K.L.:
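My questions all concern the structure below.
As the structure is a prediction and not an experimental result, all values here were calculated from the model. Every chain is numbered from 1 and lettered A, B, ... according to where its sequence line falls, protein lines coming before strand lines. Every heavy atom of this structure was used, including side-chain atoms; hydrogens, water molecules and symmetry mates were not.
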Amino acid sequence: MLDQRLLRENPDLIAQQLARRGTAPDLGPLCRMAVEQRDLEEHRNSLQAEGNGIGRDVGQLLRNGTAADDPAVVDLRERGNRLKQQIADVDERVKELGRGLLDGLRSLPNLPSAATPDGRSEADNVERHRWGTPRQEEGLLEHWQIAERLGLFENERSVRIAQSRFVTLMGAGARLERGLIAFMLDHHGRNGYREMAPPILVNSASLTGSGQLPKFADESFRCADDDLWLTPTAEVPLTAFHRDEVIAADQLPLRYVAHTPCFRREAGSYGRDTRGLIRLHQFNKVELYWFCHPDQSDAAHEQLTRDAEGILEALGLPYRRLELCSGDLGFSAARTFDLEVWLAGAGAYREISSCSTCGEFQARRSAIRCRDGKTTRLLHTLNGSGLAVGRTMAALLEHGQQPDGSVTLPEVLVPYVGSDRLLPPP
RNA sequence: GGAGAGGUGGCCGAGUGGUCGAAGGCGCAGCACUGGAAAUGCUGUAUAGGGGUGACUCUAUCGAGGGUUCGAAUCCCUCCCUCUCCGCCA
């Protein structure tokens, strides 16, 4: 959420920065609302001050022995009652404006960082670097073809259990996923992240705090009878973990790693990535999350991204880092690096992690501050996948496939999977 | 699900209509004492939003929302949450 003060004092700056994202909302009404709300609130406060004075005066008179039906007291009471009515009228308008203002502000995306390159769409994203050597032989299979041969997951019957875009992992497939999750958690744990296992049902306030609500309600699954949703990413419960808190600066940064299932409706992606593990309603993800001091968030962003890249490098998976242009940023992000892994069978780079700094955007929505000397200020939040587990499996299968139909696995996974090779059934 | 208890400042805890933003204690900070420290003493110590260059000042906040009243932490209503016991359950 953006700063109300900025909206009142410099709406042009906001408009100009939002334009970089390719959105041009008319900020005029919202800005006028903010100014009127502030002015009316000021008026209300002075009325209230007058009323408080009357209350004090009555108390003083009564304590001094003035009779309750003394004209002086009666007169003050009448004035108090008149004021009360006035305050009620103004107050109603103030609250109405406040609600509208909050709704409006919550629907505005974050401003792009000054470092974010301008651009309109993903075509304008900027490649920052590449790592590893992509396999590009002829005849490489896609991961779902490999998985089918090896009996790693089951699609049709999963539709019976739930609906399309769900999958059941089986045998070595299930074990590989479990091993990957454990490997990622261990790896990040060694790098200083605290492992967390948060609730994956989250309430509306939590979704609002990280930016999924109110604009993206149709992207999440909702539990009809409760104010609870299936979390679309661990970013939501991890942000909410510290909602309404003031954290001492010397505690920062707080760095968390969490594995959770993630649930997304994938509305509007009918027909895309219908096979395999790339796009599912339910998938596993290991998420990295930082709460940090505002002065340190740039360095934190680089470090978090490096930590995500560390998994790809440990697994020997070729990837590239893209910096998203202003027009391709997510709602809450000020600056984002996407990591794209090479899918050898598909012959393409595919997003496997998105590492964003949100500045104070989520911290304001969630009221998370740090104590900095004598004052408190909003801290900064950052998040990134480290990594999306299903897509990591897909990349491993495509990268490690052998002519004999087997798949070789990276050495680091042996302790987790029990083998360096997946073999086709006899 | 049934029965009961309770939600007050960083923490503990007093406070049942009138200068209560809130006693007292702990914690924390500064000062004094000390060779240094402990102990002790004194002083200070919430958050948010307005206004003022500033000293400062106004408003709100005692789980949330409404109500009664000139005036509510205190009375009334609704809701939420926590704890204890019982039941049920992985």
K.L.:
Which of the following nucleotides, B/A60, B/G18, B/G49, is nearest to the side chain of A/Val58?
P.N.:
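The answer is B/G18.
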K.L.:
Watson-Crick or G-U wobble partner for B/G36, using a 3.5 Å limit on both distances?
P.N.:
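B/G36 is unpaired by these criteria.
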K.L.:
Looking at every strand, decide which applies to A/Asp57 at a 4.0 Å heavy-atom threshold: base, sugar-phosphate, or nothing.
P.N.:
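If one applies the 4.0 Å heavy-atom cut-off, A/Asp57 turns out to touch nothing in the nucleic acid.
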K.L.:
I need the CG-P distance between A/Leu61 and B/U19, as an integer number of Å.
P.N.:
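Distance check: A/Leu61 CG to B/U19 P gives 15 Å.
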K.L.:
Cation-pi between A/Arg178 and A/Tyr416: NZ/CZ under 6.0 Å from ring centre and within 45° of the ring axis?
P.N.:
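No, cation not above the ring by the 6.0 Å, 45° rule.
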K.L.:
Answer yes or no on whether A/Arg194 is positioned over the face of A/Tyr256, meaning its NZ or CZ is under 6.0 Å from the six-membered ring centre and within 45° of the axis.
P.N.:
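The answer is no, since A/Arg194 fails at least one limit relative to A/Tyr256.
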K.L.:
Does the side chain of A/Asn52 get closer than 4.0 angstrom to OP1 or OP2 of B/U59 through an N or O atom?
P.N.:
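True: A/Asn52 side-chain N/O within range (under 4.0 Å) of B/U59 OP1/OP2.
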K.L.:
Does A/Lys84 have a side-chain nitrogen or oxygen under 4.0 Å from the phosphate oxygens OP1 or OP2 of B/U68?
P.N.:
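Indeed not, no polar side-chain atom of A/Lys84 lies that close.
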K.L.:
Say we look at B/C86 and B/U16: how far apart would their P atoms be, to the nearest angstrom?
P.N.:
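Going atom to atom, P in each nucleotide, I get 34 Å.
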K.L.:
Check the side chains of A/Gln37 and A/Gln4 for a donor-acceptor pair under 3.5 angstrom, ignoring hydrogens and angles.
P.N.:
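The criterion, which ignores hydrogens and geometry beyond distance, is not satisfied for A/Gln37 and A/Gln4.
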K.L.:
A/Arg56 CZ to B/C20 C1': how many Å, rounded?
P.N.:
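One finds 12 Å between C1' of B/C20 and CZ of A/Arg56, rounded.
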K.L.:
Let's see if you can work this out: which of B/G50, B/U59, B/U47 has an atom nearest to the side-chain heavy atoms of A/Ala49?
P.N.:
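For the A/Ala49 side chain, the nearest candidate turns out to be B/U59.
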K.L.:
Phosphate oxygens OP1/OP2 of B/C70: is one of them under 4.0 Å from a side-chain N or O of A/Asn81?
P.N.:
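Checking B/C70 against A/Asn81, a side-chain N or O does come within under 4.0 Å of OP1 or OP2.
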K.L.:
Once you apply a heavy-atom cut-off of 4.0 Å, does A/Arg63 come out as touching a base, just sugar-phosphate, or nothing?
P.N.:
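Sugar-phosphate, backbone atoms only, no base.
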K.L.:
Both distances below 3.5 Å, Watson-Crick or wobble geometry, any strand: find the nucleotide opposite B/G9.
P.N.:
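Base-paired to nothing in any strand shown.
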K.L.:
Indicate, with a heavy-atom threshold strictly under 4.0 Å, whether A/Ser46 touches base, sugar-phosphate, or nothing.
P.N.:
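No contact at all - A/Ser46 keeps every heavy atom at 4.0 Å or more from the nucleic acid.
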K.L.:
Could you give the CZ-to-P distance, from A/Arg364 to B/G49, as a whole number of Å?
P.N.:
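The answer, rounded to whole Å, is 10 Å.
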K.L.:
Between B/A46, B/G50, B/A60, which nucleotide gets closest to the side-chain atoms of A/Arg8?
P.N.:
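The answer is B/G50.
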K.L.:
What's the closest nucleotide to the A/Leu62 side chain, out of B/G50, B/A48, B/G18?
P.N.:
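Nearest to the side-chain atoms of A/Leu62, counting from C-beta on, is B/G18.
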K.L.:
Are side-chain N/O atoms of A/Arg20 and A/Gln17 paired as donor and acceptor at under 3.5 Å?
P.N.:
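Short answer, yes.
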K.L.:
Counting only side-chain heavy atoms from C-beta out, which of B/C70, B/G49, B/A60 sits nearest to A/Arg44?
P.N.:
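In terms of side-chain proximity for A/Arg44, the closest of B/C70, B/G49, B/A60 is B/A60.
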K.L.:
In Watson-Crick or G-U wobble terms, both distances under 3.5 Å, what is the partner of B/A22?
P.N.:
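No nucleotide pairs with B/A22.
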K.L.:
Base, sugar-phosphate alone, or nothing: which one does A/Arg82 contact when heavy atoms must sit under 4.0 Å apart?
P.N.:
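Here A/Arg82 touches no strand at all.
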K.L.:
Can you tell me the pairing partner of B/A72 across any strand shown, Watson-Crick or G-U wobble, with both distances under 3.5 angstrom?
P.N.:
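No nucleotide pairs with B/A72.
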